[in-house]
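Structure, as structure tokens:
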Amino acid sequence: MAATVEARPPDKYVDVRTQELQINMGPQHPATHGVLRVAIWADGEIVTRAEPDIGYLHRCAEKIGESVTHIQYVPYTDRYDYLAAMNNNLGYCLAVEKLAELEIPERAEYVRVIVSELNRIASHLMAIGTYGLDLGAFTPFFYAFREREEILRILEWICGARLTYNFIRIGGVMRDCPEGWLEDITRFLDYFEPRLEEMNELLTHNHIFVNRTANIGVVSLEQAVKYGLTGPNLRGSGMRWDLRRDDPYSIYDRFEFDIPIGTGIKGTVGDCWDRYWVRILEMGESVRIIRQALDQIPDGEIMAKGVRHLAFKCKAGESYQAVENPRGELGYYLISEGGQISYRSRIRAPSFCHLSILEEILPGSMFGDAVAIIGSIDIVLGEVDR
Amino acid sequence: MNTQEILETLNKDGVGQGITLFEGPKDPALVIPADRLVGVCEHLKSAPSLQFDQCILVTGTHMTEIRDKKTKEVTRAEGIEVIYHVRSLRHRALVALKVHLSLEDPRVSSVASIWPAADWHERETYDMVGVVFEGHPNLKRILLPQDWEGFPLRKDYEFPKEYRGISLEVDPPWPQQ
Amino acid sequence: MERLVGALEGLGESAFALSLLMCAGVVLGFVGIWPLFAVWLERKASADFQSRLGPMYVGGFHGWLQTLADGIKLAFKEDLIPAQANRVLFWIAPAVAFCGAFATMVVIPIAQGVEIVNLDIGIFFILAISSVGTIGVVMAGWASNNKWSLYGAVREAAQLVSYEIPIALSLMIPIIAVGNLRLGHIVGFQCAGPEDAGFVYLSHHGWLLFYSPWTLAAGLIYFVASLAECKRAPFDLPEAESELVSGFHTEYSGLRFSFFFLEEYVFMFVVSIVGALVFLGGWQPLPFVSFQFDNPLMKLIGAGILLGKAVFLVWVQIWLRWTLPRLRVDQVMTMGYKYLTPLAMLTLMGMALYQYWGCRYIPGIL
Amino acid sequence: MFTYMRNVVDSLRTTVKGMQVTWKNLRRPETTVEYPEQLVPLPEGYRGIHTLDTDICIYCFQCAKICPVDCIEMRAERVEKKFLSWEVFNIDYNKCLFCDLCIEVCPKDCIHMDKRDGSAKFALITDDRSTLNLDILEYKGLSEADKVAVVKVREENAKKAAEKAKAAAEKKAAADKDESEDKKDKADDSGK
């Protein structure tokens, strides 16, 4: 073979020109989880450059925060990370309570923990379900939704809404638990744990799934810290960091739970499979937390005294309050000058930071991997664009 | 490690010149002169006793002038404040760094080279408040359209009446009953 | 039907042409009705697997008319052609793709002796003609002037070309045993019995799937490769909806889109019925016990059994589709070239040696 | 070579496992319902379309004030300082967040998002957005058909609950029996 190549004069080589293909993934694309646009420059199936473009869902969250009262702003926080609205409520309420120096009744704290952990499970179910969908497995998506539906039913029972709850309020929670609600949660948890095992059999350990995710989209720990990754994505890279343990808010210091990290069981530490696996394990930990909370929950008030909806005022000051959202560190930085309205309300959305790493890790992956990577960092565009 | 201790460490390491402690009613912060920001940030990241390796949040705020009600003295000058929240995963500490800028020409050096996470946050701050980060690799609007005029989160911002021929009047386009 | 064609042949050219038209009508009718059923089956099966109800409304019983309603909707949709598309190719691509699947029906015997053309290169014909569909898909992808479509088309071309090899090799293995390419003969081999056999008898060979370990492996390889050949999950790369929006038919709508849809389901049927004929004993209901399928009633029953087997295989394809994630494009190639092809070759060699050392009676080769 | 064989075996094994899981789910009952014919029961305190008890409303504007999106428009006249002659009570469901704040601030408990019996109207499907600006004064709650459906669902649920309670009671009785037997055993043991 070599001889024939040499026999040809060099100028007669066929010059095969290849052209870089620029392709727009989104804003309307099945795998971008909303209205994200990623401009991709591809060499055949291989991505050479990627540039995320956001802002299609911008709803002026921070500007609205400067024009409505604290109480009125809580329903807006539902709409940022709409898959984990309880956690968003919790973060904002904690931030305002810190400024207003409110004492929260014990029972309210426990109800808050229970609903936010339930919401965390629902959010992770959504994350793994849609991740399966991204990789072409339809059925896990429906199973995840079936389980999530149960959680939504429980949350609907207590607060009357299914997605945008506005349940956790400044000073406590909106309603006390209805009769039979706590027992129903126990029933759900008993039902849920075997179903999680089923999900593992169907998707997690599936050979094709492992091949699609292991060693793909590896984020080293250094990169993860550099790009401000938090939550399951940081833990997937092998950092044992969880705000619930490392900077405890609410009453999380009373519960015992592990912090799962990615250990590279199927591939490298920090690959897509690790991030996915951390989410699966975290659901188990949430179940543990809820069980403990259900055991410990006391009777009593659910709303702090002196919180009147129309006349609630904060003291002047500025404070940053971060909570561990299902997607990472959700922070509210509020500047108050006293009065009902905050002077500045800044939201630190985890997905926003997570997206910025795409530019770094997408190049060099194949097209199908790009979808897998975007799915594995689990973004919610409502939160990215705010 | 609280903010006071961090300031002491900075002083001990010899980079503390001009840094003051802002003690608000709630969270304290370090106020850093704008021209020394990058140096201090580099030190914060690299010094083994500090190791602030994760940039959490960059916030820009338009601070309006506040006068004391009785004496009419300016207690807070008008300007733009950029606040950096930086976290040390090793020491489990969070610190806020403040930089005061003038409203007319808000310019500060970018810290995106130190913490790449600050890249998008700085772009957003530019987009919303109009702070120009010098040395930023890609300083353009991130959430709003590229040809948007004005910086919406400034307190003196006026909402435009239309954008590219699209009416932005608040009244809904559908008929009212 | 063969006899019918033969009888009409004597009547002259015009009658012959008429008979051909009739055959075409029969095939076309089947091809039109089958997807209605298959799509409904797919929907109901997927719904069952996913704890859903699926279509329940149209037609009363479990939404059995849903597909027809959808078909009518598709037929009445606006026929969109992108402004920059290559109109001619865009027009004919669905037809070409459809022809590939459609033409293979010609050689398929539906019961003993009932087939339109009894070609002596039966299987070979199916393999050859089914590749025509690829050309249609590539044309569609190219003509759409859409980058997603182009990706889909290129993937389709690469995938189908590479999976032709294992599918052909795996079909060679039973042919070694049978020694004939006619599908009717292959089934005949599986139900061959003693000369003076009664209505029920023990066949010499039984189903080819259980004829030897090599044919069993060949059956598996054939099934996997046939999944790739008809673009079913986990090999649905050309239309991978989460990656390529809709792949090669992104720009197609209405009736033209439905042609691609029909093609997929007809092709599913074709590979399933070929699998049933070659490996699962055709119209023989049991692996080692055969029945005489010589009178018309029995032929009808046989056709029913054959269709049942084909539907079962289609159902297994559906089951797999709703279980597995999708492979990546290079993994599909790896699977084809590094796994299925060598394994098929190995099996082929094994089968050849097995036959050579004469574990069984070999009618064709000796 | 080892990896090669393991890949083959692994892919077959995990595929079969996955198929087992889907097969298991094939035999489980469906979780979805045929929506317009069958209704999912609504919990008490469901947030649906508002209803206003015009007799006890004192026209204090608190609900309109707390509303984050200003979607409540109300106008009434006081007659003899006692009664209210209502002109307008509109809620613009184009804007409404269903946040429940208006219900909570009401000092007289006269505005509700569910009817007092726990049923609520929730469907806001329309092809004309102007129809979403609903007049709550005129809104009479559920239609007759809806009411029938709600009653049906409720009866079914009650039946199911009763069955469940019965089953639980039986179980409990059985458990109690076991327990008492255990106690008996223990008593016997102690007696020995």
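A, B, ... follow the sequence lines: proteins, then strands. Residue 1 opens every chain. Note that this is a predicted model, so its numbers are computed, not measured.
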Which bit of [X] comes within less than 4.5 Å of chain B, counting heavy atoms only: side chain, backbone, both or neither?
X	answer
A/Asp246	both
A/Glu359	side chain
A/Phe352	both
A/Ile347	backbone
A/Glu51	side chain
A/Leu355	both
A/Glu318	both
A/Leu243	side chain

- chain A interface, residue from B/Lys45, B/Met128, B/Met63 that has the most non-hydrogen pairs under 4.5 Å: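 The answer is B/Met63.
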- Item | Option in B/Ala29, B/Gly60, B/Cys55, B/Ala118 with maximal non-hydrogen atom pairs under 4.5 Å from chain A |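 Answer, by heavy-atom pair count under 4.5 Å with chain A: B/Gly60.
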- Could you tell me whether B/His91 and B/Phe52 have their ring centroids closer than 6.0 angstrom? no
- Task: State yes or no: are the ring centers of A/Tyr332 and A/Tyr320 separated by less than 6.0 Å?
- Result: no
Ion pair [X]/[Y], N-O distance below 4.0 Å:
X	Y	answer
B/Asp147	B/Arg164	yes
B/Lys155	A/Glu66	yes
A/Arg348	A/Glu383	no
B/Lys12	B/Glu5	no

Given a strict heavy-atom distance threshold of 4.5 Å, which part of [X] is in contact with chain A: side chain, backbone, both, or neither?
X	value
B/Arg123	neither
B/Asp119	neither
B/His62	backbone
B/Arg87	side chain

In terms of heavy-atom pairs under 4.5 Å, which option from [options] contacts chain B the most?
options	result
A/Gly331, A/Gly317, A/Gly228	A/Gly228
A/Glu360, A/Lys315, A/Glu101, A/Gln223	A/Glu101
A/Leu229, A/Val384, A/Asp53	A/Leu229
A/Ile335, A/Asp247, A/Val225	A/Val225

- Message: Does the plane of the ring in A/His70 sit parallel, tilted or perpendicular to the ring in A/Phe312? Use 30° and 60° as the thresholds.
- Response: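 A/His70 vs A/Phe312 ring planes: perpendicular.
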- Message: Ring-plane angle category for B/Phe133 and B/His136, please: parallel below 30°, perpendicular beyond 60°, tilted otherwise.
- Response: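 Plane angle between 30° and 60°, so tilted.
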- Consider only side-chain N and O atoms of A/Glu20 and A/Thr48, and report whether a donor and an acceptor are under 3.5 Å apart. yes
- Task: Scan side-chain atoms only and decide if A/Tyr343 and B/Thr64 contain a donor-acceptor pair under the 3.5 Å cut-off.
- Result: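 Looking only at side-chain atoms, B/Thr64 and A/Tyr343 do form a donor-acceptor pair, the distance falling under 3.5 Å.
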- Please say whether the positively charged group of A/Arg244, taken as NZ for Lys or CZ for Arg, lies over the ring of A/Phe257, i.e. under 6.0 angstrom from the six-membered ring centre and within 45 degrees of the axis.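 Yes, cation above the ring, under 6.0 Å and within 45°.
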